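Take a look at the structure set out below.
None of the values given here were measured: they were computed from a predicted structure.
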Amino acid sequence: MISTKIDSIHCTQDFTLAVFNTEVNYWQFRVIHSTGAVSGERSIYYTKLAAERAGRKWIKQLI
């Protein structure tokens with residue numbers, strides 16, 4: 001099992017964006033909807049900023 005560490009949480013009215021890294025230092029994101037559903041992709045990003053930008057873009061597509 002790969003352990004992860006949440007680095008940052010960004011909240012909007014309807015969504016929460018969690019940016020995290022794995023023990024092998026890859027970054028990912030997940031979007032938590034106000035309903036409790038979780039979405040995102042399994043893409044790997046090499047920087048925290050890249051994962052955050054992808055997560056914000058994901059949220060814009062949901063609106």
Run F29 and E52 through side chain to side chain contact (heavy atoms under 4.5 Å, CB included) and show every step you take. CA-CA 7 Å; F29 72 89; E52 184 179 331; over 6 Å; no
Given the rule in the side chain to side chain contact (heavy atoms under 4.5 Å, CB included) test, do Y45 and V19 qualify, once you have shown the distances and angles that lead to the verdict? CA-CA 11 Å; Y45 301 93; V19 178; over 6 Å; no
Kindly indicate, with the supporting measurements, whether the criterion side chain to side chain contact (heavy atoms under 4.5 Å, CB included) is fulfilled by F15 and H33. CA-CA 5 Å; F15 303 99; H33 303 249; 3.3 Å; yes
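Taking the six-membered ring wherever Trp is involved, the centroid distance between the rings of Y26 and Y46 falls below 6.0 Å.
Partner I59 forms a side-chain contact (heavy atoms from CB on, under 4.5 Å) with one of D14, V31, T16 and no other, that one being V31.
Annotation for R42 and Q28: closest pair O-NE2, 3.3 Å, computed over non-hydrogen atoms. Shortest non-hydrogen contact noted between I6 and F20 is CA-CB, 3.7 Å.
Going from atom OG1 of T12 over to atom CD1 of I63 covers 6.5 Å, rounded to the nearest 0.5 Å. To the nearest 0.5 Å, atoms CD1 (I9) and CG (L17) are separated by 8.0 Å.
The backbone N or O of E41 lies less than 3.5 Å from a partner atom in the side chain of R30, making a donor-acceptor pair.
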